[in-house]
Structure formats: structure tokens, C-alpha cells
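Heads up: the structure comes next, in C-alpha cells.
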Amino acid sequence: MRKWATLREGDVRIPSGCAIAGIMDRSGARHGGSDILKSIALMHDRSNGLGGGFAAYGIYPEFAELYAFHVMYESKEARDRTEAYLDEHFTSEKQERIPTEPVKGIQDPPDVWRYFLAPHPIKLSLSGLDEAEYTMQHVFHINADIPGAFVASSGKNMGAFKGVGYPEDIGAFYRIEEYGAWLWTAHGRFPTNTPGWWGGAHPFTLLNWSIVHNGEISSYDANRRYVEQFGYDCTLKTDTEVITYLFDLLVRRHGFSQEMAAHIMCASAWDEIDKMESGRAAFETALRCVYASALVNGPMSVILGSDEGLLALNDRLKLRALMAGEKGSMVYLASEQAAIEVVCPDVQNVRSIEGGEPFVVQREKGA
């Protein structure tokens, strides 16, 4: 049987599809994974069994101040090398295998572990970096330089659970119904230009960011070259990965709000700028000139998860479907309205996300 690491991104072209979903409680109350599992499972035909996954926020409250690394291993040697590297650069509070369940539809899974870590204080001080930058650079090192090891997620009080299979099978494999999270996102993959392998499934993550994406980014090469100038290592060679890094660059490093970062990626067209009053036009022109290579083109719908909440975004031409609905403190997102109604039949304020306009939901103050 073909090993999960045999093929990598860019090795083969496969037509695109995909389904995405998100469920969030603004109050910060945590709920199990059964609803997100039911929502993404309804869109089964948007997937082809080559990728599925979930991101969950608030699942490790007892280790909320530590970085939770979810790591996949192809071999014991990869695990030994990774753990020696982590011991050198971090202090570890706890490490263990992630609980999984045998599932008929999941073949040849890697060995998956989680580590609750803090940057080594002396190494961090000597590096001259803040802890987020320090952690990011070590994630990139593991993914690029330790064969057979892959960091699936590296945020605080969150984790990604993903792999090769239909999303409902991946959810059963990782037993996600046993976790409690205030924000869930999910993805059913029909790979775009790429094979299905465990590390290439969605969500794509970095620190506390996670992205699930339906579509194809035609500006990938320009976006990739741009983020690589700032030290982001695009080892996965896939378009979704670069969206994650763009948000990290624009928000964490450059200090923009998430809404402004989304606006930069889906900036106003030149003919629209020409019709604006002079002050606004000058501002929009400056954004397009300074961040020209951060402009994202192509059909897409994405859901961004973070410790602040969620952000949903369609391309400017609205070439991919994405619906939203609400009930009380709950917010629902999905590629299809039926995937919302299956978990909340009396959902209210159902509408389509507008092209190029970020839909932002944040936790309530004090949540």
C-alpha cells in the first residue's frame, strides 16, 4: 500500500472541489465536536476521500499558556529526532500520543503526538525574538529539515486534527466529539493540483492561525515569493498555506486588523479606486502599491480561525459559495445552507457572504 508520504504537493494535478464549515459561540462557551462533524458530513459529495480535517479552539484549558504542538511522524527515527530538537529549544510540560480510534476508511495513518511546550527561556533570550517568532521558526525547521516529521498545528489552547480520508472518518479517527471548543472549523477536501497526504490536508495552521479553503489561488507564485522574503518557508507548496502566512505577516508582524488584512488580500479594483474621493483613493492606491504581492486572485472562500474568533472571506467576484447564519450567541458558516440547517434547523439571519467583504465574528468581551 502506498505510504502517506510518497507523494507531495505539486506532484500530480487533481480537479478541485472542497467543502468548508465553521461553528462558533461568541460567549466563549465550549461545545463538543458532534455538530461540526454533522455539518461537514452533509457535504460528503464535495470531498473525494483525499483530505479532511478540523481546527478546534479552547480544547486545552489546563495548558492554555503553552504552545500545543500536534506532530505527525512517519517513523520512530523522525520522532526521536523531533523530540530531541524540542527538548533543546523548549521546556515540555506534557507529551503524549493523540488518542485515535481505528476507522475502516482511514488507511496507513502516521503516528500522531502532542506536546505542551514553552520556549526555553535562555534560548529565547539569546535569540532576540519574541516567543511567537521563536516558535514559528522552530516549526519551520521541523517541517523542512526533519524528514518524516510534520507539525500539524502549533498554537495555544487549540489544535488541528487532519488527514487523508473523508472528514467524517477523520473526525471519528481523532475522536473529536470528545473535545470541547468554543470555535470549530472543518474541511472536506477535493485536492486542487495536489495529491492527498496527511500533512497537506486542511486546516493549514501557524501559531494560533488556521485556514480552511475552497478554491484555487491563481496568484500563488506571487504570494509565495512575497512571504518568503519575510522568512516564511512554504514547504507544503500549496495555495492554502500561503494564505495562512499572509494573515500572520499582515496582522502579527505588520499590525493590521484582521479586517484590514483581508481587505489587502481582496483590495479594491483600480476602476473602483478611480471613482473614490481623493483621500480614500490615495489610501487605497497606497495599499495596492505597497502590498501588491499580497493581493490574492482566483476563486476562493476561506474561514480563518484565531484566538480572537473567526473571519470568512470570498474572492471579489464571489466565485465560491459560503453561507452564514446565527442563533443567539451561535454563528454558523458553511459552503451550503443545508449544512447549517442540519445542526440548527431554526437558524436565523441566513445570508451569503459578500464577495471581497470580510465577515468577522469575535468573542464577547470577558468571554
Side-chain angles (χ1 to χ4, degrees), residues 16-24 26 40 43 46 55 57 183-189 192 202-206 208-220 222-224 226-227 238-252 254 256-269 272 284 287-288 291-326 331-337 339-340 349-363:
S16 64
C18 299
I20 61 176
I23 301 176
M24 174 181 163
R26 291 191 188 96
I40 198 70
M43 298 181 284
R46 285 178 169 264
Y57 290 79
L183 168 59
W184 289 94
T185 64
H187 189 270
R189 193 170 187 220
T192 306
H202 299 213
F204 287 92
T205 74
L206 179 65
N208 271 49
W209 306 107
S210 66
I211 286 279
V212 290
H213 165 222
N214 171 25
E216 185 170 3
I217 305 304
S218 58
S219 57
Y220 166 71
N223 301 147
R224 175 187 56 79
Y226 180 65
V227 297
T238 184
D239 52 2
T240 309
E241 175 189 31
V242 82
I243 302 175
T244 312
Y245 300 161
L246 280 170
F247 271 108
D248 185 68
L249 173 67
L250 295 172
V251 178
R252 183 177 64 86
H254 290 187
F256 289 110
S257 67
Q258 291 185 21
E259 295 95 326
M260 183 56 70
H263 179 64
I264 288 171
M265 292 185 221
C266 292
S268 302
E272 295 172 345
E284 295 292 340
L287 280 184
R288 288 218 51 173
Y291 290 103
S293 296
L295 181 67
V296 177
N297 289 316
M300 70 166 186
S301 60
V302 302
I303 301 174
L304 170 75
S306 73
D307 51 4
E308 293 183 20
L310 61 78
L311 178 148
L313 183 67
N314 267 130
D315 64 88
R316 288 175 298 176
L317 298 179
K318 183 64 177 171
L319 297 174
R320 287 291 186 269
L322 188 57
M323 303 296 295
E326 303 171 63
V331 179
Y332 302 89
L333 293 166
S335 299
E336 299 177 12
Q337 184 173 336
I340 296 175
N349 198 20
V350 178
R351 70 272 197 196
S352 178
I353 302 297
E354 297 297 326
E357 296 291 332
F359 174 85
V360 179
V361 183
Q362 293 184 317
R363 278 191 293 179

Check: I20 and R46 side chains under 4.5 Å, non-hydrogen atoms: no
field: Distance-minimising heavy-atom pair for L322 and A312
entry: CD2-CB, 3.7 Å
- prompt: Does any N or O in the side chain of N223 come within less than 3.5 Å of the main-chain N or O of S293, such that one atom is a donor and the other an acceptor?
  reply: yes
statement: Heavy atoms of M323 and S335 approach each other most closely as CG-O, 4.5 Å
message: Donor-acceptor check, side chain of D315 to backbone of G355, threshold 3.5 angstrom: yes or no?
response: no
statement: Between A294 and I264 the two heavy atoms that sit nearest each other are CB-CG2, 4.0 Å
message: Within this structure, what is the NE2-CG distance for the pair H254 and D248, rounded to the nearest 0.5 Å?
response: 10.0 Å
query: Do the side chain of H187 and the main chain of H213 share a donor and acceptor less than 3.5 angstrom apart?
result: yes
Gap between atom CG of L206 and atom CZ of R252 - 0.5 Å precision: 7.0 Å
field: Side-chain heavy-atom pair L295, R288 within 4.5 angstrom cut-off
entry: yes
query: Going through the distances and angles, do R363 and L183 end up as a side-chain contact (heavy atoms from CB on, under 4.5 Å)?
result: CA-CA 10 Å; R363 278 191 293 179; L183 168 59; over 6 Å; no
- prompt: Does a side chain donor of either H263 or E284 reach within less than 3.5 Å of an acceptor in the other side chain?
  reply: yes
- request: Report the C-alpha separation of T185 and L310 in whole Å, then their side-chain angles, then the decisive distance to 0.1 Å, and conclude whether the side-chain contact (heavy atoms from CB on, under 4.5 Å) test is met.
  value: CA-CA 9 Å; T185 64; L310 61 78; 5.7 Å; no
- request: Please identify each residue that fulfils salt bridge (charged side-chain N to carboxylate O under 4.0 Å, His left out) with R316, with sequence neighbours left out.
  value: none
- prompt: Once you round to the nearest 0.5 Å, how far does OG1 of T240 lie from NE2 of H202?
  reply: 3.5 Å
field: Test item: C18 and R320 side chains (from C-beta on) under 4.5 Å apart, heavy atoms
entry: no
query: Between E241 and R224, is any pair of side-chain heavy atoms under 4.5 Å apart?
result: no
task: Indicate the atoms forming the closest heavy-atom contact of F247 with A262, along with that distance.
output: CE2-N, 4.2 Å
- line: Sequence neighbours excluded, the answer for side chain to side chain donor-acceptor pair (under 3.5 Å) partners of S210 is Y57
- prompt: Do you know the tightest heavy-atom contact between C266 and L313?
  reply: SG-CD2, 3.8 Å
query: Considering residues at least two apart in sequence or located in another chain, which fulfil the side chain to side chain donor-acceptor pair (under 3.5 Å) criterion with S306?
result: Q258
query: Where the side chain of K318 meets the backbone of G356, is there a donor-acceptor pair that is under 3.5 Å apart?
result: no
field: Which residues share a salt bridge (charged side-chain N to carboxylate O under 4.0 Å, His left out) with E308, sequence neighbours left out
entry: none
- request: Begin from the C-alpha positions of Y226 and Y291 and carry the test side-chain contact (heavy atoms from CB on, under 4.5 Å) through to its verdict.
  value: CA-CA 9 Å; Y226 180 65; Y291 290 103; 3.2 Å; yes
query: With E326, which residues qualify under side chain to side chain donor-acceptor pair (under 3.5 Å), at least two apart?
result: R26, N349, R351
task: Look up atom CG in D307 and atom CH2 in W209, then write down how far apart they are to the nearest 0.5 Å.
output: 7.5 Å
- prompt: Counting distance only, does the side-chain N/O of S218 pair as donor-acceptor with the main-chain N or O of N297 below 3.5 Å?
  reply: yes
- prompt: Nearest 0.5 Å, what's the CD1-CG distance between I340 and L333?
  reply: 6.5 Å
query: In chain order, what residues pass the side-chain contact (heavy atoms from CB on, under 4.5 Å) check against V360, with sequence neighbours excluded?
result: E259, L311, P358, Q362
- line: d(L304 CG, T244 OG1) to nearest 0.5 Å is 8.0 Å
message: Main chain of A222, side chain of S219: is a donor-acceptor contact present, judged purely on distance under 3.5 Å?
response: no
- request: State, to 0.1 Å, how close A324 and I353 come at their nearest heavy-atom pair, and which atoms those are.
  value: CB-CD1, 3.7 Å
